[in-house]
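Within every chain, numbering begins at 1; the chains are lettered A, B, ... in the order of the sequence lines, protein sequences first and strands thereafter.
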Number of protein chains: 2
Amino acid sequence: MTTTGVDGFALLDEIWRTVTPEAARRMLIAAVRAFAEKGYHATTTRDIASLAGMSPAAVYIHYRSKEELLFNISLVGHETSLALLAGIEGDDAVERLKNAVSAFAGWHAAFHTTARVVQYELSALSAEHHERVAELRRQIEQRMRSYLEDGVAEGVFDVPDVKGATLAVLSLCIDVARWYQPGGKRTPDEIGALYADLVLRMVRPAT
Amino acid sequence: MTTTGVDGFALLDEIWRTVTPEAARRMLIAAVRAFAEKGYHATTTRDIASLAGMSPAAVYIHYRSKEELLFNISLVGHETSLALLAGIEGDDAVERLKNAVSAFAGWHAAFHTTARVVQYELSALSAEHHERVAELRRQIEQRMRSYLEDGVAEGVFDVPDVKGATLAVLSLCIDVARWYQPGGKRTPDEIGALYADLVLRMVRPAT
DNA sequence: GTCTATAGAAGGATAGAC
DNA sequence: GTCTATCCTTCTATAGAC
């Protein structure tokens with residue numbers, strides 16, 4: 001089976017399990033893998049079809065174009081990570097920020113294949129599709145900012161520049177998708193824990 | 001003039017001024033702009049030639065291939081940022097880390113056009129060329145780690161996981177190239193200062 | 001729905017004149 | 001060194017059989 005193994009491809013099934021029919025899902029997962037590895041423009045429709053074990057023409061049975069394939073991936077990927085960030089729980093602002101950073105950074109490691117397409121292929125989207133995902137990205141930013149603002153309001157965080165700190169925290173988590181490799185020393189959970197610790201140190205008052 | 005203006009293109013001349021003859025430099029700068037904006041694979045040799053104000057065939061007068069153009073950009077870009085990081089001065093470990101982060105993050109903002117190609121087009125390099133720049137990237141990591149290690153040795157930093165913190169700090173600076181836009185609210189210097197402050201907060205002892 | 005075959009366009013790189 | 005013209009390959013997408 002091409003979508004399982006130690007390289008994290010097993011997790012692709014988890015994100016894309018709602019896509020039907022099965023051939024459309026196989027094609028989408030093949031596209032995610034190819035786009036993540038070589039980039040959207042370096043990937044040919046033949047690459048995708050071949051990875052999915054089908055003929056070059058089979059791509060167009062379920063998708064109108066290569067770009068529509070990318071848009072599907074980008075949209076669902078953004079919706080998934082936004083839902084993750086919006087569903088953070090915790091008793092106080094410290095715990096909520098910790099959980100948010102841990103989850104968001106960890107997601108970019110565990111689902112690095114999807115995350116790479118989500119974060120680094122935005123410019124390949126059509127203008128209309130780009131605007132659709134840009135709206136989701138604004139919501140992601142708002143969520144993360146609210147976790148910082150809560151702590152400032154409660155007086156448990158010391159953050160001189162909340163907008164700048166939000167930018168930095170998101171940036172830190174997103175960039176995990178660029179450098180993470182499944183064979184490395186750290187698991188996604190460990191990366192989440194490391195980053196949550198670093199961010200909490202960043203916002204803690206001097207006392 | 002195509003290489004000046006408020007959008008940061010003036011700074012391209014600064015990095016590439018040693019490239020001669022002038023037509024080769026114009027072609028290289030055109031390639032940097034095109035690669036940064038659309039990505040290596042989405043850029044055609046005709047795009048590059050057109051931006052440089054020359055014919056499609058003119059690309060091959062000074063460069064053997066499109067990939068060689070990319071390699072030139074990537075090599076010089078890596079060497080420049082490594083030299084910057086290696087030349088950091090400061091009286092103590094705190095000041096050196098502050099200056100290092102400020103300079104490295106600021107470089108990725110000021111020279112975001114070049115930095116984008118440097119950081120996000122590695123996979124388009126040939127295997128041999130990729131190895132050449134990978135060595136430079138290892139040196140960059142070592143430099144940043146040494147600034148953290150110095151502070152730990154002096155007892156002025158509290159960093160439980162130096163390797164992990166190095167990764168995070170580099171990651172933070174590098175990702176500036178992805179999100180930075182010249183029209184934004186912050187200047188490269190301000191981003192450098194913001195990030196230096198955030199990193200120093202991250203490593204400061206609890207007291 | 002899936003295939004084979006292919007149309008039609010575009011891209012990297014070269015030939016040869018100037 | 002630079003241009004015009006073009007070769008040859010590869011690509012996205014479609015046509016039409018099964």
What residues, two or more places apart in sequence or in another chain, satisfy side chain to side chain contact (heavy atoms under 4.5 Å, CB included) together with [X]?
{"X": "B:Ala42", "value": "A:His41, B:Lys38"}
{"X": "B:Glu89", "value": "none"}
{"X": "A:Ala30", "value": "A:Ile48, A:Leu51, A:Ala52"}

Contacts satisfying side-chain hydrogen bond (donor to acceptor under 3.5 Å, both in side chains) that involve residues 187-196 of chain B (not counting sequence neighbours) are none

Scanning both residues in full, the closest heavy-atom pair of B:Ala49 with B:Ser55 reads CB-O, 3.3 Å

| request: Specify whether A:Tyr120 and B:Tyr120 have parallel, tilted or perpendicular ring planes, treating 30° as the upper limit for parallel and 60° as the lower limit for perpendicular. | output: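 Tilted, since the angle between the ring planes falls between 30° and 60°.
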
Rounding to a whole Å, what distance do you find between [X]:[atom1] and [N]:[atom2]?
{"X": "B:Asp47", "N": "C:dA13", "atom1": "CG", "atom2": "C1'", "result": "16 Å"}
{"X": "B:Arg46", "N": "D:dT2", "atom1": "CZ", "atom2": "C1'", "result": "16 Å"}
{"X": "A:Arg25", "N": "C:dG1", "atom1": "CZ", "atom2": "C1'", "result": "16 Å"}

State which residues pass ring pair (Phe, Tyr, Trp, His ring centres under 6.0 Å) with [X]; sequence neighbours excluded, sorted by chain then number.
{"X": "A:Tyr147", "answer": "none"}
{"X": "A:Phe157", "answer": "none"}
{"X": "B:Tyr63", "answer": "none"}
{"X": "A:Tyr60", "answer": "none"}

Options C:dC3, D:dT2, C:dT2, nucleotide nearest the side-chain atoms of A:Ser55
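Given the options C:dC3, D:dT2, C:dT2, the side chain of A:Ser55 is closest to C:dC3.
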
What residues 37-45 of chain A contributes to the DNA chain C interface at heavy-atom separation below 4.0 Å is none

Going by number, which of residues 61-72 of chain A have a non-hydrogen atom under 4.0 Å from DNA chain C?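 Heavy-atom contacts with DNA chain C come from A:Ile61, A:His62.
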
task = Looking at every strand, decide which applies to B:Pro21 at a 4.0 Å heavy-atom threshold: base, sugar-phosphate, or nothing.
result =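 Since only primed, P, OP1 and OP2 atoms lie under 4.0 Å of B:Pro21, the category is sugar-phosphate.
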
Expected rows: protein N/O vs nucleotides 15-18 of chain D N/O, under 3.5 Å:
none

Assert: residue with more 5' nearest nucleotide on DNA chain D, out of A:Pro56 and B:Ala58, is B:Ala58

B:Arg17 meets the salt bridge (Lys or Arg N to Asp or Glu O under 4.0 Å) criterion, sequence neighbours left out, with none

C:dT14 OP1/OP2 closer than 4.0 Å to side-chain N/O of B:Tyr60: no

